[in-house]
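Heads up: the structure comes next, in structure tokens.
Since this is a predicted model, take the numbers as computed values, not measurements.
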Amino acid sequence: MTSTSVKPNLLPPGLVSNLQDVLSKRAGGEGDKTAESTDPPSTSEAADTVEDPNDSSKPIVLVTNGDGIESPGLTYLVEALVHQGLYNVHVCAPQSDKSLSGHSVTLRETVSVSSAEIKGATAYEVSGTPVDCVSLALSGALFSWSKPLLVISGINRGSSCGHHMLYSGVVAGAREALISGIPSLSISLNWRKDESQENDFKDAVAVCLPLINAAIRDIEKGIFPNSCFLNIEIPSSPLSNKGFKLTKQSMWRSTPSWQAISASRYPAGHFMNSQQSLGIQLAQLGRDASAAGAARRVTTQRKNVEIESTGAAGKSDFERVKKYFRLEFVDKEEEDTDEDLDFRALESGFVSVTPLSLSPHLESETQTAASNWISSALEEQ
């Protein structure tokens, strides 16, 4: 693994020195050995090593994500954790892509949960958001255990730097765990369209697994920082990374671009199967029926009050003016050149590690505690 020195900056001098030592050691080949020893196994290899997925003597690790339970990032991560045989791995993840759901939850609607097949792990898929998944898993209503030792959210397809953290479902999953008092990590791979390949997720696991193991070890020792969670951003070529770098959240964001869609609500390239179409029609019928029922009830209870039901007595669809739009995010050049920002470190080939707290501003003591832990963890890799 190629290494470069870390540029002196406003970070604690001891952390900078330790990072430089770690990177210089990796130049001698230690980093490559680490990558080889942590290379995630194939599914068959993982299956061969599994003895008891519910061994109560092992620490419990809960895995969720934003991309959905069938995403390769989650699959490779869980396989690697199971293969080590050190943890009791549980999975509670969205059944579909919720990567841009932010910190949303599902209220006043029923959330369905189904068991999922992931060898060596106890897994469920949830018809909700990543925050729903973590909240449900930690509630005691789904799993029999009291709480996990660590929650890992990822590995996400696409970076979650800067303001993207506000939109990110994978970051929200880790944040929800911290709200509940559980140490957590969110992990993303800087996926590049037309360049990245699915196997890059396997390499990303090999890169971040030592840090995961260090976190679990130090949580058990009581020395892992408990006032923040860590957002880990892995460069697009994981095994060519320049090392880990402690970073700060940037102000970087993509530019939202709303495109008017004239022909259809679902433009070319957006495929909707017959089952989805039927579901939308049934949902609309249900809303119309509910509105009509509400109108009848209110009219009965209050005389001389007229209630217009949207579906029953309102304007027909032919009389309504409808417009359709589609949101896309367009990357833009960022002028900030601070090398300690998350997106700058990621673009430079480093694995960015950003401590995030529940406060809008990371307190100095939290920053120091996270810096000291990351420095110590890297020294032992």
Ser257 and Gln259: which non-hydrogen atoms are nearest, and at how many Å?
OG-NE2, 2.8 Å
Closest heavy-atom pair and its distance - Ser236, Arg192:
OG-NE, 3.3 Å
Shortest non-hydrogen contact from Ser101 to Pro130?
OG-CD, 3.3 Å
Between the main-chain N or O of Gly85 and the side-chain N or O of Lys58, is there a donor-acceptor pair closer than 3.5 Å?
yes
For the residue pair Phe143 and His90, categorise the inter-ring angle as parallel (less than 30°), tilted (30 to 60°) or perpendicular (more than 60°).
perpendicular
Side chain to side chain contact (heavy atoms under 4.5 Å, CB included) partners of Gln197, counting only residues at least two apart
Asp200
Side chain to side chain contact (heavy atoms under 4.5 Å, CB included) between Gln249 and Leu356: does it pass, once the steps are laid out?
CA-CA 8 Å; Gln249 182 181 359; Leu356 299 172; 3.6 Å; yes
Do Phe229 and Val171 make a side-chain contact, defined as non-hydrogen atoms from C-beta onward lying under 4.5 Å apart?
yes
Should Ser348 and Glu339 count as side-chain neighbours, where that means a heavy-atom distance under 4.5 Å?
yes
Please examine the side chains of Phe350 and Thr247, heavy atoms only from C-beta on, and report whether any two atoms are closer than 4.5 Å.
no
Residues Val170 and Ser160: closest non-hydrogen pair is CG1-OG, 3.7 Å
Could you walk me through whether Ser159 and Phe343 pass the side chain to side chain contact (heavy atoms under 4.5 Å, CB included) test, one step at a time?
CA-CA 9 Å; Ser159 69; Phe343 82 97; over 6 Å; no
Let me see the working for Glu220 and Leu149 under side chain to side chain contact (heavy atoms under 4.5 Å, CB included), right down to the final yes or no.
CA-CA 8 Å; Glu220 292 183 309; Leu149 192 71; 3.5 Å; yes
Identify, with sequence neighbours excluded, every residue that meets side chain to side chain contact (heavy atoms under 4.5 Å, CB included) alongside Ile212.
Leu77, Leu81, Leu150, Ile152, Leu185, Ile187, Cys208, Leu209, Ile216
Using the side chain to side chain contact (heavy atoms under 4.5 Å, CB included) rule, take Tyr87 and Asn213 through it: C-alpha gap first, then chi angles, then the decisive distance, then the call.
CA-CA 10 Å; Tyr87 315 121; Asn213 290 332; 2.7 Å; yes
Determine whether a donor-acceptor pair (N or O, by modelled atom type, separation under 3.5 Å) exists between the side chain of Ser99 and the backbone of Gly169.
no
Looking at side-chain heavy atoms only, is the closest gap between Ser184 and Ser153 below 4.5 Å?
no
Kindly give the cluster partners of Val105, where membership spreads through any ILVMFWY side chain lying under 4.5 Å from a current member.
Leu107, Val131
Among Asn226, Ile219, Leu230, which residue satisfies the side chain to side chain contact (heavy atoms under 4.5 Å, CB included) criterion with Pro183?
Ile219
Single-linkage hydrophobic cluster Leu211~Leu86, side-chain heavy atoms < 4.5 angstrom
yes
Consider only side-chain heavy atoms of I, L, V, M, F, W and Y, link residues closer than 4.5 Å, and tell whether Val353 and Leu346 are in one cluster.
no
Does some side-chain heavy atom of Phe201 sit less than 4.5 Å from a side-chain heavy atom of Leu189?
yes
With sequence neighbours left out, what residues match Ser139 under side chain to side chain contact (heavy atoms under 4.5 Å, CB included)?
Leu136, Ala141
Residue pair Ile60 / Lys147, side-chain heavy-atom distance below 4.5 Å:
no
Cut-off 3.5 Å, side chains only: do Asp342 and Thr354 have a donor facing an acceptor?
no
Is the shortest side-chain heavy-atom distance between Val126 and Pro94 below 4.5 Å?
no
Which side-chain N or O atoms in residues 63-71 pair as donor and acceptor under 3.5 Å with protein atoms at least two apart or in another chain?
unit_1	atom_1	unit_2	atom_2	d
Thr64	OG1	Cys92	O	2.8
Asn65	OD1	Gly68	N	3.3
Asn65	ND2	Gly68	O	2.8
Asn65	ND2	Ser71	OG	2.8
Asp67	OD2	Arg157	N	2.7
Ser71	OG	Gly68	O	3.0

How long is the straight-line distance from CD of Glu347 back to OG of Ser352, given to the nearest 0.5 Å?
11.0 Å
So Thr75 and Ile118, do their side chains get closer than 4.5 Å, heavy atoms only?
no
Side-chain donor-acceptor pair present, Asp132, Ser135, cut-off under 3.5 Å
no
For Ser115, check side chain to side chain contact (heavy atoms under 4.5 Å, CB included) against everything at least two apart and list the hits.
Tyr124
